[in-house]
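The structure under discussion appears below in the form of C-alpha cells.
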Amino acid sequence: ALGFQPSIRSEPPLDAETMSRRAALAVASLATLLHSSAWTSLAGEPDECPHGQCPREDESALLQSHARQGSVRKEENVLSRTRLSSLLPAEGQEFKEPPVIRSPVRLTLTTMKICGLQNGQECWHTRVYAAEGVPPSLPGPTIRVKPGETLKVHLINALENPSPDCWTTLVNRTGLEGIFDTVMSSNGFCHLNSTNLHTHGLHTSPLPGGDDVFQVVEPGKENNFTFELPSYHMPGTFWYHPHRHHTTAIQAGGGAHGAIIVEDPPGSIPPELENMEEKLMVLSLVDLRYFIHPSTGVFGQSSMEKYAMGNLWKNDQGEYVNKIEVVVLVNGLYKPEMTIKSGKWYRLCIIFASTELTVAIHDAFHQKAECEYRLLAKDGIYLNVAPRDIKKIYLASGNRADVAFRCACEPTTLRFCEAQLISNSHQPGPNSSWAEGLENATEGPFSGISQEVLNQVLLKLKIETGAPKEPALRSFKVNRPCYLVDLRQTTVKKSNQGRLEFMNPTDWYIRWSNKISGGIAHGRPMRVEDETPPLTFMKVGEVQQWYVRGPEGEENKVAGVSEHPFHLHVNPYQLVSLSPPTDPFFQVGDWQDTFLHSTGQAMVKTQLDAFTGRSILHCHLLDHEDMGMMAWFKIYGEEGSWWRGARDVDPRCYRDQRGMGYEYVDPNATMVQVAPSWVKADPESNCHAACTDLGGCTGEFPESKTAFASILQELGEKCEITDAVADCAPCVDMNTNSCYISAKKEAMRRCAVEPPEGFSRFCHCAGI
C-alpha cells in the first residue's frame with residue numbers, strides 16, 4: 001500500500017582486501033567528519049519523503065515503513081548532565097515487580113506507545129513484549145522456571161513488513177551522512193522487524209528449536225521455542241531478549257526484554273536465604289540521544305531505527321527522537337519508592353537489561369540510616385563461598401547480581417528513616433554536589449573505560465523502624481553442578497588453549513588464535529548475508545582455556561574487555577587470572593557469562609558441557625554485535641557428553657537435583673589450597689599464562705633490589721640485577737643473564753606484558 005518494494009538482492013560477502021580498505025576509510029572518514037564543517041552541515045530540516053514514498057497519517061504502532069527522515073543535530077560526546085525528562089513515568093511511584101508467568105508461555109513481540117505522565121504531549125513508539133493476559137509492557141513479564149523443567153515459548157511476531165534487508169538499507173544511505181553511517185555501522189542495522197528469542201545465561205541447547213540465534217521469525221509469523229533446562233541447572237537470575245543479528249540492539253535496547261528466574265529447590269540453600277524476601281529489579285535503559293559516541297561506534301536507538309529504515313522512535317511530528325537524556329527505569333518505573341523494614345535482609349535480584357553503559361550501585365543520601373550488601377551470585381551463579389562483603393555492585397550491559405541487602409535505622413522516634421539506592425562512579429559526600437548524567441569512572445574496576453557510568457537515583461528507600469535487627473548471615477558453600485566445579489587448579493592441554501581478541505572500535509570483529517600468545521589470529525565480521533565460518537572446532541565434554549584481550553601487541557585500553565563486554569552463550573566461564581585494579585566484586589574464581597573490566601584482559605576457563613552446535617560469543621554492546629562483533633565455535637561430539645574430570649576436582653559435584661545442597665563454612669578458617677608464590681614464566685610468556693593454575697596474576701612488583709634478590713634466591717635463579725629499564729620487568733635476559741627490576745609499564749598492565757625473545761618473566765601468583 002505504501003509503494004515500498006524492498007530489494008531481494010543480498011549483500012556480497014567482503015573479502016580481506018575490502019575489509020582492510022573499509023577499516024582505512026573508517027579512520028579517514030571519521031577524522032574528516034569530526035573535524036570539518038561538513039559535519040555541522042548535516043543539521044537542518046528533515047528530508048521530504050525520501051524516494052517520494054510518504055506514509056499516510058496513521059496512529060497504528062505497527063506501521064513499520066521508511067517514512068520522513070528526522071534531522072541530525074551535532075551532539076556532545078559525553079552527557080555531563082541529564083535534565084529531568086518529560087518522557088518518563090512520574091517519579092516516586094510505589095515499587096512494583098513485573099507480572100509472573102510460567103511455561104508454557106505465549107509471548108508476543110509488538111509495539112507500545114510511550115508518553116510521559118508529566119507531559120503526555122510527547123510520545124514515541126518502541127518494541128516490547130506482551131504475553132497471554134499481560135498487556136505490552138517495559139520490561140516484559142518475568143518467567144519463572146525450575147531446574148529440570150522445559151520452558152516452552154510460543155513466540156508471535158506481531159510486527160509488520162517491510163523489514164528491509166541489509167543491502168536495501170545500505171544503498172538507501174546517500175551523501176556525506178550516508179558515508180559516515182556506512183563507515184560507522186558497517187551496514188549493521190537491518191531486518192528490524194524480524195526476530196527470534198535468546199535466553200541470556202541459561203545452560204541450554206543452542207540447536208535449532210532451542211537457543212539458536214540463527215532462527216528467524218519474520219513479521220506476521222510465529223514459531224515455537226523449547227528451552228530444556230538440565231536437572232542440574234544452577235538456580236539464579238537470567239533474562240530473555242531478541243537476538244536477530246543486525247537488529248538485536250534495536251529490539252532489546254528498545255524495551256523487548258524480561259527476567260527469567262530459575263528457582264532454588266527446597267533445601268538447596270540455607271534456610272535464612274531460602275526464606276529471604278526477594279525484590280526483582282529489572283533495570284531498563286532509556287537512551288534518547290540520537291548519536292552517542294562516534295569514536296567508539298555506539299549508536300542511539302533512534303539513529304539505529306533510522307539506519308534500518310524503520311518508523312518507530314519518532315515523536316508525533318514524525319521526527320526521530322533526539323534529546324540529551326539518558327535514564328534507567330526500575331521495572332518500568334522512574335525512581336520508585338521501595339518500603340522495607342529496618343534490619344531485615346532482602347534478596348535483590350538485579351538485571352542490567354541494557355545494550356550499553358554501566359552502573360555502579362550503592363546507597364547514599366541517608367537520613368538516619370545505614371545499609372549493607374552481601375554478594376551472593378553473579379550472572380546467575382553462586383559464589384564459591386557466599387556471601388561476600390561488597391561496597392558497590394558493578395554491572396555492565398547484560399550482567400546480573402544477586403545481593404543480600406538490608407538497611408538499619410539509627411535510634412529515632414520517627415516511624416521511618418530514609419536512604420537512596422543510586423548508581424554513581426564515586427561515593428558522594430554529605431555536602432557534595434552531585435549531578436545526574438554520565439561520567440567516566442576514575443576509580444575501581446570500570447575506571448578509564450569508554451563506557452560511562454550512569455549517575456542516577458534508582459530507588460528511594462523508605463525504611464520502617466521498630467523491627468529487631470536480623471542476625472548476620474553465615475558463610476556457606478552450595479554443592480555445585482559438575483559443569484561449574486572450580487577449574488583454577490585444572491591444567492588444560494595445549495590443544496584446548498587459545499586467544500580471543502576483541503578488536504578496536506570500527507573494526508567490528510573478533511579474532512581467534514590457537515595459542516595463548518603468538519601465532520596468527522584470524523576472524524571476520526559476522527554478517528547475515530554470508531556464511532561466516534566458525535573461529536575453530538571444539539569437542540563437547542572438555543575444558544577450554546582462553547586468554548581474552550585486545551589485539552596482540554596493542555594496548556587493551558581501546559579494545560579487549562575494557563571496551564567490549566565479553567558474552568558467551570550456553571556455557572559460563574571462570575575468571576582464573578585478572579590484573580589489578582582489584583575490587584571485592586570481581587575476584588579470581590568467580591563465574592561470569594558477561595565481563596567488562598578496565599584492565600582489558602583476563603584468562604578464563606570453561607567447560608563445554610553437554611551441548612553441541614554453535615557456541616556464540618560476542619560483544620554485549622549490542623550495536624557492536626549487530627555491526628559484526630559476533631563469532632561462533634563449532635562444538636562437535638556426542639550430545640550429552642560431560643567432563644569426567646569434574647568428579648576428581650569435586651567428588652560431590654552433581655548431575656541431577658539429588659546432589660543439590662549446601663554447607664556452612666567458617667570464614668576465618670584457613671582454606672588455602674595453593675599458597676601465594678613467585679614463579680618463573682616460560683620464555684616469551686606473560687604472567688596471566690604463568691599463574692593460570694595458581695590463582696591468577698596479582699601484578700605485584702619487587703619493592704627493592706634486596707626484595708628481588710630474595711625472590712631470585714627462592715626460585716634458585718642466579719643473575720645480575722641491573723638498573724636498566726625493561727617493560728617485562730621483573731624478568732631475566734637469558735642470553736646475558738641480566739635481571740631487570742625497573743619497568744615503565746603501569747601496574748595494571750604488568751600481568752599482560754609479553755617479554756621479547758630470549759626473556760622470561762618473574763610473576764607473583766595469588767594462590768587459591
Side-chain angles (χ1 to χ4, degrees), residues 34 74-85 184 249 253 283-304 322-330 335 350 352-362 364 392-399 401 421-428 432-458 502 504-506 556-566 581 583 585-586 594-600 619-625 629 748:
L34 291 178
K74 183 179 179 181
E75 297 290 2
E76 301 174 27
N77 284 343
V78 178
L79 182 64
S80 59
R81 182 181 292 270
T82 302
R83 302 188 306 274
L84 288 178
S85 176
M184 290 304 301
L283 308 183
S284 302
L285 191 72
V286 180
D287 192 338
L288 303 179
R289 296 172 295 173
Y290 180 81
F291 205 54
I292 303 172
H293 259 296
S295 61
T296 58
V298 178
F299 288 75
Q301 286 296 133
S302 55
S303 62
M304 291 187 290
N322 187 4
K323 294 180 176 292
I324 308 178
E325 299 180 26
V326 182
V327 295
V328 157
L329 304 182
V330 180
K335 301 181 182 179
I350 307 173
F352 191 33
S354 168
T355 64
E356 52 162 326
L357 301 180
T358 64
V359 290
I361 302 172
H362 56 103
K392 285 187 180 180
I393 303 164
Y394 292 96
L395 303 178
S397 60
N399 280 136
L421 204 61
I422 71 171
S423 170
N424 193 25
S425 61
H426 62 278
Q427 181 73 44
S432 63
S433 60
W434 184 68
E436 295 195 332
L438 303 178
E439 68 177 350
N440 292 102
T442 57
E443 59 185 25
F446 288 165
S447 61
I449 65 175
S450 65
Q451 288 298 296
E452 301 103 325
V453 175
L454 177 72
N455 290 348
Q456 183 192 307
V457 173
L458 303 177
F502 283 73
N504 300 317
T506 73
N556 289 309
K557 277 287 188 181
V558 293
V561 292
S562 62
E563 174 68 29
H564 307 288
F566 165 40
D583 184 272
F585 192 82
F586 291 109
T594 307
F595 182 66
L596 181 75
H597 197 275
S598 63
T599 56
C619 169
H620 210 276
L621 299 181
L622 292 184
D623 55 348
H624 286 193
E625 178 257 298
M629 193 163 273
M748 63 189 298

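Worth saying up front: this structure is predicted, and the values here are computed from it rather than measured.
Heavy atoms only, all atoms of each residue included: Y290 and S302 are closest at CD1-OG, 3.4 Å. Heavy atoms only, all atoms of each residue included: V453 and A441 are closest at CG2-CB, 4.0 Å. For the residue pair F586 and L596, the shortest heavy atom distance occurs at CZ-O, 4.1 Å. Considering every non-hydrogen atom in both A364 and I422, the closest pair reads CB-CD1, 3.6 Å.
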Q.
Checking K392 against F585 for the side-chain contact (heavy atoms from CB on, under 4.5 Å) test, could you report, in this order, the C-alpha distance in whole Å, the side-chain angles of both residues, the deciding distance, and whether it holds?
A. CA-CA 7 Å; K392 285 187 180 180; F585 192 82; over 6 Å; no
Q: Could you please spell out the steps behind the side-chain contact (heavy atoms from CB on, under 4.5 Å) verdict for D623 and E356?
A: CA-CA 8 Å; D623 55 348; E356 52 162 326; 5.9 Å; no
Q | E563 and S450: CA distance, side-chain angles, deciding distance, side-chain hydrogen bond (donor to acceptor under 3.5 Å, both in side chains) verdict | A | CA-CA 6 Å; E563 174 68 29; S450 65; 2.6 Å; yes
(Q) Checking V326 against L285 for the side-chain contact (heavy atoms from CB on, under 4.5 Å) test, could you report, in this order, the C-alpha distance in whole Å, the side-chain angles of both residues, the deciding distance, and whether it holds? (A) CA-CA 7 Å; V326 182; L285 191 72; 3.8 Å; yes
Q | Worked check of side-chain contact (heavy atoms from CB on, under 4.5 Å) between L283 and I350 | A | CA-CA 7 Å; L283 308 183; I350 307 173; 3.9 Å; yes
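S598 has its side chain within reach of I449: a pair of non-hydrogen atoms, C-beta onward, lies under 4.5 Å apart. Taking the side chain as every heavy atom from C-beta outward, R289 and L438 approach each other to under 4.5 Å. Proximity of L621 to P565: side-chain heavy atoms (C-beta onward) are separated by under 4.5 Å at one or more points.
Going from atom CG of D583 over to atom NE2 of H597 covers 7.5 Å, rounded to the nearest 0.5 Å. Note: M304 CE to T355 OG1 = 5.5 Å, rounded to the nearest 0.5 Å. Rounding to the nearest 0.5 Å places NE2 of H564 at 6.0 Å from NE2 of H624. With values rounded to the nearest 0.5 angstrom, F352 atom CZ is found 14.5 Å from Y394 atom OH. Atoms CG and CD1, on N424 and I361 in that order, are 11.5 Å from each other to the nearest 0.5 Å.
With E452 contributing its side chain and E439 its backbone, the two residues share no donor-acceptor pair below 3.5 Å. N399 places a side-chain N or O within donor-acceptor distance of the main-chain N or O of T594, the cut-off being under 3.5 Å. With hydrogens and angles disregarded, no donor-acceptor distance shorter than 3.5 Å links the side chain of T358 to the backbone of L395. The closest donor-acceptor contact from the side chain of Q456 to the backbone of V328 lies under 3.5 Å.
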